[in-house]
Amino acid sequence: MTRAFSSTSRLRLYSPSLHARVRPEVHGCMSSPVRVRFAPSPTGLLHVGGARTALFNWLLAHGQASREEREGAFVLRIEDTDRNRLVEGAEAGILDVLGWFGLTWDEGPDVGGPYGPYRQSERTALYREAAERLVAEGKAYHCFCSPERLQRLREEQSARKEPPGYDRHCRDLPAETVAANLAQGLPSVIRFKMPRTGETIVRDLLRGPITYQNVTLEDLVLLKSDGYPTYHLANVVDDRAMRISHILRGEEWIPTAPVHLQLYAAFGWEPPAYAHMPLILAPGGGKLSKRHGSTSMEEFRAQGYLPEALMNYLALLGWSYDGTTEIFSKQDLLDKFTLERVNPSPGTFDYAKLTWFNAYYINHILTPEDLTARLMPFLAEAGLVDPAAVADAGHPDRARVRPAATLLKDRLETLAQGPDMLGYFLTEDLPPYDAALLVPKKMTAAEVLTALEAVARMLPEADLNDEAASEARFRALADELGLKAGQLFMPIRVAVTGRTQSPGLFETMRVIGARRCVERVDRAIAALRAVAADPATA
RNA sequence: GCCCCCAUAGUCUAGCGGCCCAGGACGUCACCCUUUCAAGGUGAAGAUCGCGGGUUCGAAUCCCGCUGGGGGUACCA
């Protein structure tokens, strides 16, 4: 890959003044605050790509900036200017899942801040004022073209194989016409008067300069006919008003950057620094969509992924520290993240690797106590524990779950597997046995029956709390029966758990408890007798 | 079509001119451990560094072209 900057031109943290001519005193501004923003649109669930962008923003402001002794602020702004695509509850959902993810914001719609309000629908006067200022200065104009005309225009252009785009029909309308149309109340939008000559250079922090010929840039709509601003206007006005120093956003925004730069120029404002984060692609290529699996943070949460595992995975999708270290706690990321080490090439989302991280955190990082707590909502949902125990660490159901969680810790990949994998520890009665599972390969039902009957006889006098002792007794029993240990253990395992896979047999029986073990072995014997009596299955 | 971005194993990546006939991780396979399944341990396969030209004593690393992949092309963000 190409590194955009040589070692001499690479700054530790880039300054907005990069957009001006490179100035030697740039180092003098090193203590200027780093203010970044994450600006989701409340149109649905939070996409993992958006979450990663939010993460990188947050790490820049709270990690890298503070290490460089610069003031850092992570601002959350809601871009709800599309009244048609607005989804009720989406904003609350995004805030909630961002909090679950582990990010904290210094300013935002819920916590306020010095540059509020942080919801664009509450700032419309600002945008109108800004747009009208540009109109007054001759840098923007009213456009009365109907959506139908624009639609027709695009169709004609594509039929003639011309690049689609607005034909600037209203750009030079006589002032009297404009005044008359407005007086008449004709619906209109305000468009930006893009310079027709020259070039605009976007200095992307990860890619270096990207040059655009201004002729290829469009007269974009700034203010829609419903009075709401488009993304372009709102974004520039707000980033200025909120003193945003660095814009970290998805790569899909690169084509709009020159337009935004021209807007800053028209307003006479110095633009912030830009860094476009690489896209996250789907396994087969293209955008990550439902077809490939989960795409939203909400789904990953529901599937039992831990926020710290997801954060670790997402951070490493596009960023690396030394190419070798894989496990990063949130604090590690704050300590080590640098924007310079974000890789500009797009990455493919790998569900298997995410699952590995999740399993790693469950198996090696969470304490049994912590795992228990996180399992509770999933177990309650499945009806295996009292819902009251989800929030109550002292609830007796916690004590029932903890030993089971301890045994399953190395086997769980996601929390959502909890109900299935811990179920037999938490229920009184097992579902009916699958007789085939009770009889291991190379053994007959009759042999197993004999073995289990022997087990049933010795079980009441075995002390299951002493695992070593009970293991010794059962091994001795296997010898007496002329069986290998495994041949005896498997039927017992199936009898007490209902399945062929479980933690070690003796720790499993200890946690299930003597009473239930006895009952389950008896029921397994009954099930086996029923099978043995049926000639069809013998 | 036009504009733009990207390009090291199936995937995520290290690599900033010699230490690289390319290192780590996921996945895959084998073996060890073992009462099952995991976890853990050991090892293996897997990359003509997309292709072609340059520059250089020397290129995965710099330059150009090509190809491929991706993004944008709305009164959506």
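Quick caveat: nothing in here was measured; it's all calculated off a predicted structure. Naming convention: chains lettered A, B, ... in sequence-line order (proteins, then strands); numbering from 1 in each chain.
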>> Taking any heavy-atom pair under 4.0 Å as a contact, classify A:Val189: base, sugar-phosphate, or nothing.
In response: base
> Across all strands, who's sitting opposite B:U35 as a Watson-Crick or G-U wobble pair, both distances under 3.5 Å?
Replying inline: none
> With sugar-phosphate meaning primed atoms plus P, OP1 and OP2, does A:Pro346 contact a base, only sugar-phosphate, or nothing at under 4.0 Å between heavy atoms?
Replying inline: sugar-phosphate
> Given atom CG of A:Leu407 and atom P of B:A39, what is their separation to the nearest angstrom?
Replying inline: 16 Å
>> Can you tell me which nucleotide in B:C76, B:A39, B:U11 comes closest to the side chain of A:Thr230?
In response: B:C76
>> Using a heavy-atom cut-off of 4.0 Å across all strands, would you classify A:Ala485 as base, sugar-phosphate, or nothing?
In response: nothing
> When the distance from CD of A:Glu155 to C1' of B:G1 is rounded to whole Å, what number comes out?
Replying inline: 17 Å
> Between atom NE2 in A:His232 and atom P in B:G72, what is the gap in whole Å?
Replying inline: 12 Å
>> Between B:G50 and B:C6, how many Å separate the two P atoms, rounded to a whole number?
In response: 15 Å
> Under 4.0 Å between a side-chain N/O of A:Asn343 and OP1 or OP2 of B:A14, yes or no?
Replying inline: yes
>> Which nucleotide wins on minimum distance to the side chain of A:Lys287, given the candidates B:C12, B:G72, B:G1?
In response: B:G72
>> Using atom C1' in both nucleotides, what's the gap between B:A47 and B:G27 to the nearest angstrom?
In response: 16 Å
>> For a quick test of reading the model: is some side-chain N or O of A:Thr216 closer than 4.0 Å to OP1 or OP2 of B:C2?
In response: no
>> If you take the centroid of each ring, where Trp contributes its six-membered ring, are A:Phe192 and A:His260 closer together than 6.0 Å?
In response: no
> Which of these passes ring-ring contact (aromatic ring centres under 6.0 Å, His included) with A:Tyr313: A:Tyr351, A:Trp356, A:Phe349, A:Tyr305?
Replying inline: A:Phe349
>> Does the structure show a Watson-Crick or G-U wobble partner for B:U56, both distances under 3.5 Å? Name it, or say none.
In response: none
>> Tell me whether the count of non-hydrogen atoms from other residues, nucleotides or ligands lying under 6.0 Å of NZ in A:Lys484 goes above 12.
In response: no
> Whole Å only: how far is the CH2 atom of A:Trp356 from the P atom of B:U11?
Replying inline: 19 Å
> Taking the side chain of A:Thr348 as heavy atoms from C-beta outward, which of B:C12, B:A77, B:G72 is closest to it?
Replying inline: B:C12
> So which one's nearest nucleotide on RNA chain B is more toward 5', A:Thr211 or A:Ser502?
Replying inline: A:Thr211
> Does any nucleotide pair with B:G46 by Watson-Crick or G-U wobble geometry, both distances under 3.5 Å, and what is it?
Replying inline: none
>> Please name the nucleotide paired to B:A25 by Watson-Crick or G-U wobble geometry with both distances under 3.5 Å, or report none.
In response: B:U11
>> Taking only the C1' atom of each, what is the distance from B:G10 to B:A45 in whole angstrom?
In response: 13 Å
>> Whether the A:Glu79 and A:Asn235 side chains hold a donor-acceptor pair (N or O, under 3.5 Å, no angle test) is what I'd like checked.
In response: no
> Heavy atoms under 4.0 Å, any strand shown: does A:Phe506 hit a base, just sugar-phosphate, or nothing?
Replying inline: base
>> Tell me the interatomic distance from A:Phe328, atom CZ, to B:C12, atom P, rounded to whole angstroms.
In response: 18 Å
>> Run A:Arg499 and A:Arg493 through side-chain contact (heavy atoms from CB on, under 4.5 Å) and show every step you take.
In response: CA-CA 7 Å; A:Arg499 53 178 68 207; A:Arg493 167 175 291 110; 5.9 Å; no
>> Is it true that A:Ser121 and A:Asp80 share a donor-acceptor pair across their side chains at a distance under 3.5 Å?
In response: yes
> With both distances under 3.5 angstrom, what nucleotide forms a Watson-Crick or G-U wobble pair with B:C2?
Replying inline: B:G72
> Just wondering, are more than 12 heavy atoms of other shown residues or ligands nearer than 6.0 Å to NZ in A:Lys287?
Replying inline: no
> Under the 3.5 Å rule, do the base of B:C75 and the side chain of A:Ser225 count as making a donor-acceptor pair?
Replying inline: yes
> NA contact type, A:Pro503, heavy-atom cut-off 4.0 Å: base, sugar-phosphate, or nothing?
Replying inline: base
>> Between C1' on B:U73 and CD on A:Gln213, what's the gap in Å once rounded to a whole number?
In response: 17 Å
>> So, does A:Lys224 get its side chain near the phosphate of B:C76, meaning an N or O under 4.0 Å from OP1 or OP2?
In response: yes
> Counting side-chain heavy atoms from CB outward, which of B:U36, B:U73, B:U11 is closest to A:Pro164?
Replying inline: B:U73
> To the nearest angstrom, how far is A:Phe489 atom CZ from B:U34 atom P?
Replying inline: 13 Å
> Which of these nucleotides, B:C37, B:C76, B:U73, is closest to any side-chain atom of A:Glu218?
Replying inline: B:U73
>> Under 4.0 Å, heavy atoms only, any strand: does A:Leu505 hit a base, just the sugar-phosphate, or nothing?
In response: base
> If the P atom of B:A59 is compared with that of B:G54, how far apart are they to the nearest Å?
Replying inline: 12 Å
> For B:G40, does OP1 or OP2 lie under 4.0 Å from any side-chain N or O of A:His364?
Replying inline: yes
>> If you only use heavy atoms from C-beta on, which nucleotide in B:C6, B:C4, B:G1 is closest to the side chain of A:Pro163?
In response: B:G1
> Looking only at side-chain N and O atoms, does A:Arg499 come under 4.0 Å of OP1 or OP2 in B:C37?
Replying inline: no
> Side chain of A:Arg411, base of B:C37: donor and acceptor closer than 3.5 Å?
Replying inline: yes
>> Just N and O in the side chain of A:Arg154: are any of them under 4.0 Å from OP1 or OP2 of B:C75?
In response: yes
> Using a cut-off of 4.0 Å on non-hydrogen atoms, how would the nucleic acid contact of A:Gly250 be classed: base, sugar-phosphate, or nothing?
Replying inline: nothing
>> Please classify the nucleic acid contact of A:Glu326 as base, sugar-phosphate, or nothing, using heavy-atom distances under 4.0 Å.
In response: base
>> Nearest to the A:Tyr231 side chain among B:A77, B:A39, B:G72, which nucleotide is it?
In response: B:A77
> Any side-chain N or O of A:Thr81 less than 4.0 Å from the OP1 or OP2 oxygen of B:A77?
Replying inline: yes
> Does A:Phe38 reach the side chain of A:Val75, with side-chain heavy atoms less than 4.5 Å apart?
Replying inline: no
>> Can you tell me the base-pairing partner of B:C19? Count Watson-Crick or G-U wobble geometry only, both distances below 3.5 Å, and say none if there is no partner.
In response: none
> Distance-only, no hydrogens or angles: does the A:Thr230 side chain make a donor-acceptor pair with backbone N or O of A:Val221 under 3.5 Å?
Replying inline: yes
> What's the CG-C1' distance between A:Leu281 and B:G70, to the nearest Å?
Replying inline: 6 Å
> For A:Phe144, does the CZ atom have more than 12 heavy-atom neighbours from other residues, nucleotides or ligands under 6.0 Å away?
Replying inline: yes
>> Nearest to the side chain of A:Arg475, heavy atoms from C-beta on, is which of B:U11, B:U35, B:C5?
In response: B:U35
>> Ignoring hydrogens and geometry beyond distance, is the side chain of A:Lys353 in donor-acceptor contact with the base of B:A25 at under 3.5 Å?
In response: yes
> Using atom P of each nucleotide, how far apart are B:G18 and B:U61 to the nearest Å?
Replying inline: 12 Å
>> Quick check for you: among B:C76, B:A39, B:U36, whose closest atom lies nearest to any side-chain atom of A:Arg85?
In response: B:C76
> From the list B:C75, B:U35, B:U13, which nucleotide is the closest neighbour of the side chain of A:Leu317?
Replying inline: B:U13
>> Under 4.0 Å, heavy atoms only, any strand: does A:Gly504 hit a base, just the sugar-phosphate, or nothing?
In response: base
>> B:A14, OP1 or OP2 - any side-chain N/O from A:Ser320 closer than 4.0 Å?
In response: yes
> Base, sugar-phosphate, or nothing: which does A:Cys145 touch, judged by heavy atoms less than 4.0 Å apart?
Replying inline: base
> What does A:Pro229 touch in the nucleic acid at a heavy-atom separation under 4.0 angstrom: a base, only the sugar-phosphate, or nothing?
Replying inline: sugar-phosphate
